[in-house]
Amino acid sequence: MRPLSQSSSADWVAAGTDHWNLTIQGFVPAVYDAYARVLHEIEQGDEPATWASVAAANRQPFDSLAQWTSISIDPDGEEWRGRPRVGTLTPSVARELSEVLAAFTATPATCFFGLWEGFGASELPPDAQLFESNLRSMGLFEGPIQDATHSFSSWPWSQLANLWWPSDRAWFVVSEIDYDSTIVAGSRECIDALLRTPGIEALEVSPGDTLAIS
């Protein structure tokens, strides 16, 4: 992955995102056939859990727009012992996702990545060009799709890119810094393949849906 010194590859992102539109389509710079929400992994030590299993254990309703703050509380008011990361995928899920998406672009060797400049544990290189997405300043990088697992923070922390897309714009991925899930937009075939992928907890959403906590 290398930082880019000019932002023309991301101009369409700045032009197509809308900070005041909190629906899915406000975070994605183009219209795609289908959209999915990838739920971030729950960090709780060695005992695995999914959002769906947590909701079931706590007897909470669960659907494609479920919020962690709702499903993580049991009927007695006790909160689940783990929680998902906010603002980033984990490397393992990013690897699984990149393997799915690689089959749905003609340019997997040329992808672009955006990292929000405000993360305290991640410092942008001085030669990285900034661009705007939803009024947030992002550093722009280029690399193959495998770089989706690259962490901009030192171990044991992990901060992956907030945005990534291929040169042919066949799909778009956004991990909004305040959200505990990631939006993926692409063709119908791409999203169907993602929804069938073991190891990724993903649910289909519509462009007019919102993930904002009301």
Side-chain angles (χ1 to χ4, degrees), residues 1-22 24-30 32 35 37-38 40-41 43 84-102 104-186 211-212:
M1 181 182 290
R2 65 184 183 92
L4 294 181
S5 58
Q6 51 82 30
S7 64
S8 59
S9 300
D11 287 348
W12 73 296
V13 178
T17 52
D18 182 1
H19 178 74
W20 306 110
N21 183 353
L22 295 180
I24 299 296
Q25 60 192 0
F27 292 96
V28 179
Y32 288 87
Y35 301 79
R37 175 192 184 191
V38 175
H40 292 179
E41 281 187 309
E43 299 182 323
R85 287 284 302 275
V86 173
T88 184
L89 290 165
T90 56
S92 60
V93 173
R95 182 176 299 105
E96 296 275 1
L97 178 57
S98 67
E99 290 175 357
V100 174
L101 296 181
F104 294 95
T105 173
T107 60
T110 306
C111 293
F112 301 99
F113 303 87
L115 177 73
W116 182 49
E117 69 169 352
F119 289 117
S122 306
E123 185 174 345
L124 292 175
D127 54 342
Q129 178 65 41
L130 297 180
F131 70 98
E132 295 292 315
S133 175
N134 294 91
L135 299 185
R136 303 190 190 281
S137 292
M138 302 272 179
L140 182 60
F141 300 82
E142 181 182 351
I145 194 171
Q146 291 82 5
D147 282 348
T149 63
H150 172 79
S151 177
F152 292 88
S153 298
S154 300
W155 189 90
W157 312 113
S158 176
Q159 176 60 57
L160 309 190
N162 298 104
L163 308 177
W164 35 300
W165 68 93
S167 180
D168 64 4
R169 305 180 188 178
W171 41 258
F172 192 83
V173 177
V174 51
S175 299
E176 159 60 23
I177 66 170
D178 293 325
Y179 286 4
D180 50 17
S181 54
T182 288
I183 300 165
V184 183
L211 302 182

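Reckoned from all heavy atoms, side chains included, excluding hydrogens, waters and symmetry mates.
With Phe172 as the fixed residue, the ring-ring contact (aromatic ring centres under 6.0 Å, His included) test singles out one of Trp12, Phe112, Trp164: Trp12.
The closest side-chain heavy-atom distance from Leu130 to Leu140 is not below 4.5 Å. Using a 4.5 Å heavy-atom threshold, the side chains of Phe141 and Gln129 count as separate. Val173 has its side chain out of reach of Ile183: every pair of non-hydrogen atoms, C-beta onward, lies at least 4.5 Å apart. A 4.5 Å side-chain heavy-atom check between Val38 and Leu89 finds at least one atom pair inside the cut-off. Two residues are said to be in side-chain contact when any heavy atoms from C-beta on lie closer than 4.5 Å; Glu43 and Pro84 fail this criterion. Contact check for Thr17 versus Pro29: side-chain heavy atoms found under the 4.5 Å cut-off. Residues Ser98 and Ile145 form a side-chain contact, since some pair of their non-hydrogen atoms from C-beta on lies under 4.5 Å apart. Between Met138 and Asn162, the closest side-chain pair of non-hydrogen atoms falls below 4.5 Å.
Of the possible donor and acceptor atoms, one in the side chain of Gln159 sits under 3.5 Å from a partner among the backbone N and O of Gly87. Put simply, the side chain of Asn134 gets close to the backbone of Asp18: a donor and an acceptor are under 3.5 Å apart. Of the possible polar contacts, one joining the Asp147 side chain to the Met1 backbone as a donor-acceptor pair under 3.5 Å is found. Looking at Thr107, its side chain does come within 3.5 Å of a backbone N or O of Asp168 through a donor-acceptor pair. Side chain of Ser181 to main chain of His40: no donor-acceptor pair is present (N/O by atom type, distance under 3.5 Å, no hydrogens or angles). For Thr149 (side chain) and Gln146 (main-chain N/O), a donor-acceptor pair under 3.5 Å exists by modelled atom type.
No side-chain donor-acceptor contact under 3.5 Å links Glu142 and Thr110.
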CA sep, side-chain torsions, deciding dist, call: Glu96, Val100, side chain to side chain contact (heavy atoms under 4.5 Å, CB included) = CA-CA 7 Å; Glu96 296 275 1; Val100 174; 5.9 Å; no

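For the pair Trp116 and Phe119, the tightest heavy-atom approach, listed with the atom from each and the gap, is O-CD1, 3.5 Å. Closest of all the heavy-atom pairs between Val28 and Ala185 is CG1-CB, 3.9 Å. Of all non-hydrogen atoms in Gly143 and Phe113, the two that sit nearest each other are O-CE1, 3.7 Å. Pairing each heavy atom of Leu115 with each of Leu160, the nearest pair is CD1-O, 3.8 Å. The minimum heavy-atom distance between Tyr35 and Ala30, with the atom names listed, is OH-O, 3.8 Å. Shortest non-hydrogen contact noted between Ser158 and Arg85 is O-NH2, 2.6 Å.
Ion pairing of Glu176 with Arg136 is present here, as a side-chain N (NZ or NE/NH1/NH2) and a carboxylate O approach within less than 4.0 Å.
With values rounded to the nearest 0.5 angstrom, Leu22 atom CG is found 10.0 Å from Leu211 atom CG.
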